[in-house]
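Each ligand, and each atom within it, is numbered from 1 in the order the structure gives.
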Amino acid sequence: MSLQVTSSVLYLDDVSVSFDGFKAINNLSLVLEPGEMRAIIGPNGAGKTTMMDIITGKTKPDSGDVYFNGNVDVTRYDESAIATMGIGRKFQKPTVFENHTVEDNLLLAMSGMQTIKSMLFGGRTHDEQERIDEVLTTTRLNTRRNDLAANLSHGQKQWLEIGMLLAQDPKLLLVDEPVAGMTDSETEETARLLREIAEDHAVVVVEHDMDFIRDLDVKVTCLHEGSVLAEGSLDSVSSDQRVIDVYLGR
Ligand SMILES: Nc1ncnc2c1ncn2[C@@H]1O[C@H](COP(=O)(O)OP(=O)(O)O)[C@@H](O)[C@H]1O
Ligand SMILES: [Mg+2]
């Protein structure tokens, strides 16, 4: 095993997966260092979501290596085991519990093995309360803690869902198109929020909003036809003629 495998939070090498003969992921290699935030761009159908499916165990690759946290071979575990090991994923559409308060949503996310009832009605420990307060602050939801999730704005629901991931204390967060449908000010706030989260988590963010990507100010990977087309600073990737041809210029 190479040094890179053992020191990386995420290591994909030569990964391929086909659906009915169509190669959605094609010899994909990507390495994320501990604490790194990476932005993933690329046209629709490039394989961005499928890559997240592979990292979270939803889809098994046909070939290639996928390691998490150094030497954990992700391909040997199922989705729930991988989530428990510390990979949290936020899907495109928020899936918060609308009829519960913001705070209870966080508590539910944190509950793990305990039953929902005992979490909601049985009180909480000092540590749990501290963690909830911390997450409420990070996600800008402190003043909304007692409101029903149903009454949040779309952007705030997205933040709550990110908070629900944070409540589970993952090492790596995967965030798929977080600012789709957000207002400009919510989008700008989301970039700040993710930068704060990235201070002590590894993060992979898929987005199409290039202003948002610029605000993230991190290394960018452009996927195309299931592999890496270009990688580097946003300026170098966005001035790459191949990236312009398949994505930015369209
Ligand atoms: N479960 C699946 N079954 C069949 N085809 C799929 C499946 N998941 C993804 N694909 C196909 O793989 C390609 C990549 O999709 P996706 O990863 O969703 O791209 P992106 O997120 O970059 O838009 C698309 O052509 C899509 O139709
Ligand atoms: Mg997608």
Using a distance-only test with no angle check, is there a side-chain donor-acceptor pair under 3.5 angstrom linking Glu186 and Ser153?
yes

Do you know which two heavy atoms are closest between Ala149 and Leu160, and how far apart they sit?
CB-CD2, 3.9 Å

Taking C-beta and beyond as the side chain, do Ile55 and Val74 meet within less than 4.5 Å on heavy atoms?
no

On a heavy-atom basis, the closest approach of Met110 and Arg131 is CE-CG, 3.6 Å

Hey, which residues fall under 4.0 Å of ligand 1 on heavy atoms?
Phe19, Phe22, Ala24, Pro43, Asn44, Gly45, Ala46, Gly47, Lys48, Thr49, Thr50

Can you name the side chain to side chain donor-acceptor pair (under 3.5 Å) partners of Thr221, sequence neighbours left out?
Arg38, Glu231

Within a strict 2.8 Å cut-off of the Mg ion (ligand 2), protein N/O/S atoms tallied 1

Which pair of non-hydrogen atoms, one from Val204 and one from Leu32, has the smallest distance, and what is that distance?
CG2-CD2, 3.7 Å

Enumerate the residue pairs fulfilling salt bridge (Lys or Arg N to Asp or Glu O under 4.0 Å) with a member in residues 132-161, sequence neighbours excluded, ordered by first and then second residue.
Lys90-Glu161, Glu98-Lys157, Glu103-Arg145, Asp133-Arg145, Arg140-Glu189, Arg140-Glu196, Arg144-Asp147

Lys48 side chain to Cys222 backbone, donor-acceptor under 3.5 Å:
no

Residues Asp235 and Arg214 bridged, charged N to O under 4.0 Å:
yes

